[in-house]
Amino acid sequence: QFFQEKRDFLREGLAQTSFKLLDCEGTYFQALKYDKISDKSDLDFAKELTIKHKVASIPFSSFYKNKLNENVIRLCFAKKQETLERAIENLAKL
């Protein structure tokens, strides 16, 4: 219940952005498709998010042997409420 509330808060906060929220169940991570925001590789986009927008993410390609890029990153929502609020604020500006 605790993490479901955090997931729902993050999803609600990002629902009106250009990110496409992918289904997530039984995990601490929300996957986001960002192809409407940028054409950068997921690694480059994740770096940019960290440096310019102060939001750390994990590129999906890091989980593939062939480094397949599907323009998807994931965010951990097992964070303090204030951290999630700031992340939503920063991501909504994209």
Side-chain angles (χ1 to χ4, degrees):
Q1 183 67 32
F2 176 77
F3 288 111
Q4 183 175 340
E5 288 174 14
K6 288 185 173 290
R7 181 201 63 198
D8 293 347
F9 178 80
L10 181 65
R11 289 180 64 88
E12 287 171 19
L14 296 177
Q16 302 305 314
T17 68
S18 294
F19 288 102
K20 179 180 179 188
L21 287 79
L22 305 179
D23 292 337
C24 68
E25 292 182 28
T27 181
Y28 302 108
F29 298 95
Q30 174 62 58
L32 305 172
K33 189 155 182 73
Y34 65 86
D35 59 338
K36 291 183 180 177
I37 297 170
S38 175
D39 60 357
K40 292 182 178 187
S41 71
D42 59 357
L43 180 60
D44 289 338
F45 187 69
K47 286 179 184 178
E48 180 179 298
L49 280 181
T50 303
I51 295 166
K52 291 185 178 178
H53 305 285
K54 308 298 184 213
V55 177
S57 64
I58 303 164
F60 254 41
S61 66
S62 63
F63 299 104
Y64 296 113
K65 184 177 179 179
N66 66 358
K67 302 298 179 195
L68 176 67
N69 179 41
E70 297 179 308
N71 299 100
V72 177
I73 55 169
R74 69 184 204 166
L75 303 175
C76 180
F77 52 79
K79 303 289 180 185
K80 293 180 184 178
Q81 189 69 17
E82 302 82 37
T83 303
L84 294 175
E85 289 169 3
R86 276 184 271 142
I88 292 167
E89 226 176 84
N90 293 350
L91 293 171
K93 295 174 186 173
L94 298 177

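How far CG of Asn71 is from OG of Ser38: 7.5 Å, rounded to the nearest 0.5 Å. Rounding to the nearest 0.5 Å gives a distance of 13.5 Å between CZ of Arg7 and SG of Cys76. Between the CD atom in Glu85 and the NZ atom in Lys79 there is a gap of 15.0 Å [rounded to 0.5 Å].
More than 12 heavy-atom neighbours from other residues, nucleotides or ligands sit within 6.0 angstrom of NZ on Lys33. Within a 6.0 Å radius of CD in Gln81, other residues, nucleotides and ligands contribute more than 12 heavy atoms.
In this structure, the side chain of Ser62 engages the main chain of Pro59 through a donor-acceptor pair within 3.5 Å. In this structure a side-chain-to-backbone donor-acceptor pair under 3.5 Å is present from Asn69 to Asp42.
Members clustered with Tyr34: Phe2, Phe3, Phe9, Leu10, Leu14, Phe19, Leu21, Tyr28, Phe29, Leu32, Ile37, Phe45, Leu49, Val55, Ile58, Phe63, Ile73, Leu75, Phe77, Leu84, Ile88, Leu91, Leu94, by chain and number, using a 4.5 Å side-chain heavy-atom cutoff among hydrophobic residues.
Of all heavy-atom pairs spanning Ala56 and Thr50, the tightest one is CA-OG1, 3.7 Å. When all heavy atoms are compared, the tightest approach of Glu89 to Lys93 is O-CG, 3.5 Å. When every heavy atom of Ser61 is checked against every heavy atom of Leu68, the shortest pair comes out as CB-O, 3.1 Å.
At a threshold of 4.5 Å between non-hydrogen side-chain atoms, the residues Arg11 and Gln30 count as touching. Side-chain contact check for Arg74 versus Ser57: every heavy-atom pair is 4.5 Å or farther apart.
Residue pairs meeting the salt bridge (charged side-chain N to carboxylate O under 4.0 Å, His left out) criterion with at least one member in residues 45-62, sequence neighbours excluded, are Lys40-Glu48.
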